[in-house]
Amino acid sequence: ARPGSARYRAGVCLHSVRLPLRKGGEPEVVPRVMLALCPNGQGAFFVTRKRPGMSENQMKMNIGGTKMGIYEELQARGLLAQVTNEEEIREMVNAGKAKFYIGFDCTADSLTAGHFMALTLMKRLQMAGNQPVALIGGGTTMIGDPSGRTDMRKMLTKEDIDHNAECFKRQMERFIDFGEGKAIMVNNADWLLNLNYIELLREVGACFSVNNMLRAKCYEQRMEKGLSFLEFNYMIMQSYDFYHLFQHYGCNMQFGGDDQWSNMLGGTELIRRKLGKDAHAMTITLLTDSQGHKMGKTAGNAVWLDPKKTSPYDFYQYWRNVDDADVIRCLRMLTDVPLEQIDEMAHWEGSQLNAAKELLAFELTRLVHDEEEARKAQETAKGLFSAGGDLSHMPATQLTADDLNGGAISVLDLLLKCGLVPSKKEARRLVEQGGVEIGGQKVTAADASYSADDLSGDGLMIKKGKKVFHRAVLG
């Protein structure tokens with residue numbers, strides 16, 4: 001492998017080479033064997049045959065009969081974006097010696113599908129012997145992270161932030177093992193809210209270059225519309241978090257989304273300048289679709305991990321309906337499905353990809369909710385396309401007599417009441433564009449209405465677009 005190439009950095013290369021494969025055996029030419037290089041590229045090679053159809057990921061998993069380390073698995077799954085010192089981080093993570101943190105700002109009362117990848121990364125690293133620190137951003141949320149934003153975040157009250165933090169804690173416990181000697185959870189409000197502004201400036205202000213901060217990627221999108229001084233301080237607050245956690249909790253590494261890279265480097269540099277010690281940073285690949293758009297939202301609304309905000313069925317359907325071009329990448333990055341199984345699915349086409357999407361949807365629903373909810377969602381989804389299918393777990397809205405006007409409800413009010421549109425204006429546009437079916441019939445008139453008899457029994461089945469199904473029932 002050429003020095004500096006991807007294969008060289010990964011520590012593997014593929015060759016045809018004459019080698020004795022058995023003790024005392026005759027040398028033979030073995031096509032496509034894999035040599036696993038030591039970190040310095042010298043000596044101690046492992047050798048394995050490459051079976052027909054075996055992928056490079058499978059080869060890595062079977063080198064010398066050993067499993068790849070957690071760092072190599074994260075690489076193979078496409079989860080890693082940037083690192084500060086690859087060799088030190090690789091050694092630390094594979095040896096289970098990393099005490100790392102990921103921060104979660106409390107901007108809502110539920111985590112989203114966008115947070116899910118960070119949670120699964122924490123879980124994977126914990127299972128490999130590393131210790132996670134879940135940082136709840138009770139303090140930084142009061143400023144608001146400008147990364148990837150074109151506008152300023154909504155200002156939340158301290159009461160709202162505290163409530164959201166409690167919700168985050170309950171959800172994280174589904175993924176991370178907290179307890180004595182295991183993962184810990186801290187809230188940066190405990191130290192940030194007590195800082196004295198003048199003392200902070202004197203302690204860390206000289207460690208930050210305004211010129212460098214203005215060039216940071218996290219501020220790039222805000223420079224044209226205007227970046228407030230409030231948000232400009234976010235990098236300093238996040239850097240101070242790492243500085244505090246390094247000193248008081250022994251955190252030696254920070255993980256975060258790739259859009260956090262500038263903020264994370266601010267933390268490693270602050271630690272170096274103030275303490276004269278090295279700390280590490282590693283970013284996670286952002287979950288985007290084939291068009292480069294962030295995944296985890298549907299029709300502009302977040303896909304929540306809280307079942308009260310996004311039902312298990314809707315959660316299942318979101319992943320069941322990902323584009324063909326995205327399903328294999330999502331399986332690699334988000335699930336525990338073995339890499340060799342995913343590599344085989346990478347060659348699937350057409351209708352075969354539907355099976356891959358069903359696997360993706362089932363696995364993610366199982367991880368976020370549980371296996372029973374995943375099974376119910378799967379059965380409901382299949383029931384939509386088969387006579388007599390079980391639709392009892394489909395999202396439904398129960399209407400009352402008060403919702404009817406003169407014994408009926410208009411299609412616009414029905415769509416709004418069921419939460420399928422944000423406004424009557426949007427409902428009208430959807431109907432006029434032919435995007436609504438009710439009771440198996442396409443709705444063509446915005447003044448259509450439905451009676452109490454229509455809504456009785458099993459109610460009315462509403463189909464919005466091609467993929468969203470909902471039931472409306474009169475209670």
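Numbering starts at 1 and runs along the sequence shown.
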With sequence neighbours left out, what residues match [X] under side chain to side chain donor-acceptor pair (under 3.5 Å)?
X	answer
Glu180	none
Asp314	Ser311
Glu349	none
Asn354	none

Can you name the residues that form a ring pair (Phe, Tyr, Trp, His ring centres under 6.0 Å) with [X], not counting sequence neighbours?
X	result
His369	Phe315
Tyr243	Tyr240
Tyr316	none
His293	none

Could you state the interatomic distance from [atom1] ([X]) to [atom2] ([Y]), rounded to the nearest 0.5 Å?
X	Y	atom1	atom2	value
Asp105	Thr141	CG	OG1	3.5 Å
Phe104	Gln171	CZ	CD	10.5 Å
Gln126	Asp177	CD	CG	5.0 Å
Trp319	Leu334	CH2	CG	5.0 Å
Gln131	Met122	CD	CE	10.5 Å
Ile184	Leu135	CD1	CG	10.0 Å

Side chain Asn130, main chain Lys99, donor-acceptor under 3.5 Å: no
Pairing of [X] and [Y] as salt bridge, 4.0 angstrom limit:
X	Y	answer
Arg329	Asp289	no
Glu379	Lys382	no
Glu72	Arg90	yes
Asp343	Arg332	yes

Qualifying salt bridge (Lys or Arg N to Asp or Glu O under 4.0 Å) pairs with a residue from residues 108-124, counting only residues at least two apart or across chains: Glu73-Arg124, Asp109-Lys309, Arg124-Asp336
Any side-chain heavy-atom pair of [X] and [Y] under 4.5 Å:
X	Y	answer
Asp258	Gln82	yes
Asp241	His244	no
Met237	Asn188	no
Phe100	Cys251	no

Working for side-chain contact (heavy atoms from CB on, under 4.5 Å), residues Met333 and Arg77: CA-CA 5 Å; Met333 296 177 74; Arg77 289 186 177 274; 5.5 Å; no
Pairs where residues 246-255 contributes a residue and the test side-chain hydrogen bond (donor to acceptor under 3.5 Å, both in side chains) is met, not counting sequence neighbours: Tyr101-Gln254, Gln238-Gln254
For residues 113-120, please give each side-chain donor-acceptor pair under 3.5 Å, one per line with the distance, not counting sequence neighbours.
from	atom 1	to	atom 2	distance (Å)
His115	ND1	Thr112	N	2.9
His115	ND1	Thr112	OG1	3.3
Thr120	OG1	Phe116	O	3.3
Thr120	OG1	Met117	O	2.8

Counting neighbours of [atom1] on [X] that are heavy atoms of other residues, nucleotides or ligands and sit closer than 6.0 Å, is the number greater than 12?
X	atom1	value
Glu371	CD	no
Glu426	CD	yes
Gln352	CD	yes

For the residue pair [X] and [Y], what are the closest heavy atoms and their distance?
X	Y	result
Thr268	His280	CG2-C, 4.1 Å
Ile176	Ala183	CG2-CB, 3.4 Å
Ile342	Val337	CD1-O, 3.4 Å

Set of side chain to side chain contact (heavy atoms under 4.5 Å, CB included) partners for Leu420, sequence neighbours left out: Leu415, Cys418, Ile462, Lys464, Val468, His470
